[in-house]
Amino acid sequence: MTSRFLVTERRAIVGLASLYASRMLGLFMVLPVLALYADHLDGATPFLVGLALGIYGLTQAILQIPFGLLSDRLGRKAVIAGGLLLFILGSIIAANATTITGIIIGRCLQGSGAVAGAIMALLADQTREEIRTAAMATIGLSIGVAFAIAMVVGPLVADVGGLAGVFWFTAALSAGALLVLWKLVPSAPRRLRHRDVGLDRAQLRATLTQGNLLRLDFSIFALHLILTACFTALPFKLEALGFAPAHHGWVYLPVMALAFIGMIPLVIVAEKYRKMKPVFFGAVAAMTLILLGFGEWGDDRVSLIALLWGFFVVFNLLEATLPSMISKLAPAGAKGTAMGIYSTSQFFGAFLGGTLGGALSQGYGIESVFFGAALVGALWLAVIWRMPAPRHLSSEIIALDEQSMDRLDTLLERFAAVAGVEDVMVVPDERVAYLKVDRQRLDAEALTRIAGSQWQRNDA
């Protein structure tokens with residue numbers, strides 16, 4: 001069974017997805033242009049340019065969990081609005097900067113508007129449990145679309161308005177996001193903890209001691225380290241082969257489109273045919289070889305574009321499948337905690353990638369950036385070498401009615417006895433049961449008898 005979105009849910013999903021996408025678009029637009037356009041700034045060095053590229057990740061990593069917790073107290077929309085204002089302030093400072101230090105300060109402030117957790121919590125407030133997975137998938141899709149658009153639009157905006165123009169554009173995007181938040185997104189009637197999107201401090205220690213989850217945390221850390229490091233060097237590689245900075249967007253456009261097409265069959269093999277581990281391991285190995293290729297063989301246009309296509313196929317594949325693996329491995333009721341640690345690792349990776357890429361470029365030249373990134377890829381392979389294939393489990397969230405609440409003493413055992421239910425957590429305060437299920441073995445009729453009308457199967 002599936003559930004249709006209510007009007008208020010649709011408004012919330014569309015509004016929050018567009019808000020999230022516009023904010024991420026503003027962050028990503030700088031990626032393909034900052035290294036090229038920051039050369040004229042006073043005090044600019046490759047290391048400081050790399051620091052400017054990645055510094056937003058440091059403040060994101062430090063503040064995203066505190067902002068999420070703050071939204072529990074002050075209200076989601078107030079915290080989101082405050083984060084967007086910080087992002088606008090950072091964009092304005094960077095747009096007016098004449099030194100690399102000013103850009104670093106602006107990027108630091110951009111990252112300090114760490115509202116991802118508050119946005120996801122507001123989404124959870126506005127949606128019923130049975131459609132929440134689909135709603136969260138919509139947000140995830142919006143991020144992927146924002147990244148692809150940013151790779152194309154960033155160079156085009158920079159060609160017209162320079163680096164300052166890119167930052168003014170991102171400020172305008174965030175101002176538009178404020179209007180969306182005010183006009184389109186309904187106010188949440190409640191502020192509850194949601195274990196599928198929010199951090200549960202009681203489960204934090206247990207989640208941090210699970211080896212396979214830590215391997216995935218390292219994976220997203222390494223992936224964004226590699227991405228950010230490469231963009232301290234890739235724009236110069238393109239320029240050296242005769243691609244004018246103004247035309248870089250037209251290089252990225254077909255590459256990103258074809259990379260998305262190339263990724264789809266691999267996602268289907270991983271998910272539908274349950275080949276997640278070989279696809280995952282193969283993707284990391286391919287990324288490592290591509291990075292070596294950038295350093296060794298990317299000296300002509302055809303080779304570089306082919307490598308760039310392979311890079312984005314693998315990046316998009318891993319960006320899409322790693323959260324799915326987190327969801328499969330996280331214990332029932334701990335998905336939000338696992339995703340909070342995962343996102344923090346991602347932002348730390350972006351910070352270290354920019355810093356490391358800038359340091360290598362300054363000390364040893366741009367080719368060394370790719371070899372350094374390849375070493376990270378080799379370490380990544382070593383980390384995941386003994387990782388078992390994740391079980392293909394899905395999350396189910398069941399709202400508990402009054403009748404169910406009266407049977408709490410036996411409810412846990414009854415859920416656990418259903419064929420295909422592998423893990424279960426009942427949270428009376430939230431009036432919710434969190435289940436991990438094997439859909440191929442799940443006895444849906446038995447689960448419906450226990451949950452009644454409160455459960456509608458979510459196939460998203």
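From a predicted model like this one, the values you see are computed outputs, not experimental measurements.
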| request: Please step through side-chain contact (heavy atoms from CB on, under 4.5 Å) for the pair Leu291 and Cys230, ending with a clear verdict. | output: CA-CA 9 Å; Leu291 292 168; Cys230 283; 3.4 Å; yes
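- Using a distance-only test at 3.5 Å, with no hydrogens or angles considered, no donor-acceptor pair links the side chain of Ser361 to the main chain of Gly358.
- Using a distance-only test at 3.5 Å, with no hydrogens or angles considered, no donor-acceptor pair links the side chain of Thr170 to the main chain of Ser91.
- Pairs engaging residues 315-374 under the ring-ring contact (aromatic ring centres under 6.0 Å, His included) rule: Phe147-Phe315, His224-Phe315, Phe294-Phe370 [sequence neighbours left out].
- The number of heavy atoms from other shown groups lying within 6.0 Å of CZ (Phe281) is above 12.
- Annotation: the span from Leu241 atom CG to Asp299 atom CG amounts to 7.0 Å, rounded to 0.5 Å.
- Each ring-ring contact (aromatic ring centres under 6.0 Å, His included) pair with one or both residues in residues 34-89, not counting sequence neighbours, would appear here, but there are none.
- No donor-acceptor distance shorter than 3.5 angstrom exists from the side chain of Lys277 to the backbone of Pro388, with no hydrogens or angles considered.
- With hydrogens and angles disregarded, a donor-acceptor distance shorter than 3.5 Å links the side chain of Gln60 to the backbone of Gly111.
- In this structure, CG on Asp423 lies 8.0 Å from CG on Leu435, to the nearest 0.5 angstrom.
- The closest side-chain donor-acceptor pair between Ser324 and Glu271 falls under 3.5 angstrom.
- Although no hydrogens or angles enter the test, the distance criterion places a donor-acceptor pair under 3.5 Å between the side chain of Arg107 and the main chain of Ala52.
- Although no hydrogens or angles enter the test, the distance criterion places a donor-acceptor pair under 3.5 Å between the side chain of Lys436 and the main chain of Ala330.
- Between Tyr252 and Phe231, the two ring planes are tilted [angle within 30° to 60°].
- Considering only heavy atoms from C-beta on, Met263 comes within 4.5 Å of Val267 through its side chain.
- Distance CH2/Trp168 to CD1/Ile88: 11.0 Å, rounded to 0.5 Å.
- Rounding to the nearest 0.5 angstrom, the gap separating the CZ atom in Phe280 from the OG1 atom in Thr321 is 7.5 Å.
- Not one N or O on the side chain of Thr228 forms a donor-acceptor pair closer than 3.5 Å with the backbone of Leu225.
- Put simply, the side chain of Asn96 gets close to the backbone of Ile92: a donor and an acceptor are under 3.5 Å apart.
- Here Leu317 contributes atom CG and Met287 contributes atom CE; the two are 9.5 Å apart, rounded to the nearest 0.5 Å.
- Between the side chain of Arg301 and the backbone N or O of Gly242, at least one donor-acceptor pair lies under 3.5 Å.
- We find the CD1-CG distance between Ile100 and Leu51 to be 8.5 Å, quoted to the nearest 0.5 Å.
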| field | Worked verdict on Val49 versus Thr232 for side-chain contact (heavy atoms from CB on, under 4.5 Å) | value | CA-CA 8 Å; Val49 170; Thr232 65; over 6 Å; no
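- With a 6.0 Å radius and a threshold of 12 heavy atoms from other residues, nucleotides or ligands, Lys328 has its NZ atom above the threshold.
- Counting heavy atoms from C-beta on, the side chains of Trp250 and Leu156 come closer than 4.5 Å.
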| query | Given Ser219 and Trp380, is the side-chain contact (heavy atoms from CB on, under 4.5 Å) satisfied, shown in steps? | reply | CA-CA 7 Å; Ser219 295; Trp380 187 358; 2.9 Å; yes
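- A donor-acceptor distance shorter than 3.5 angstrom exists from the side chain of Arg11 to the backbone of Leu184, with no hydrogens or angles considered.
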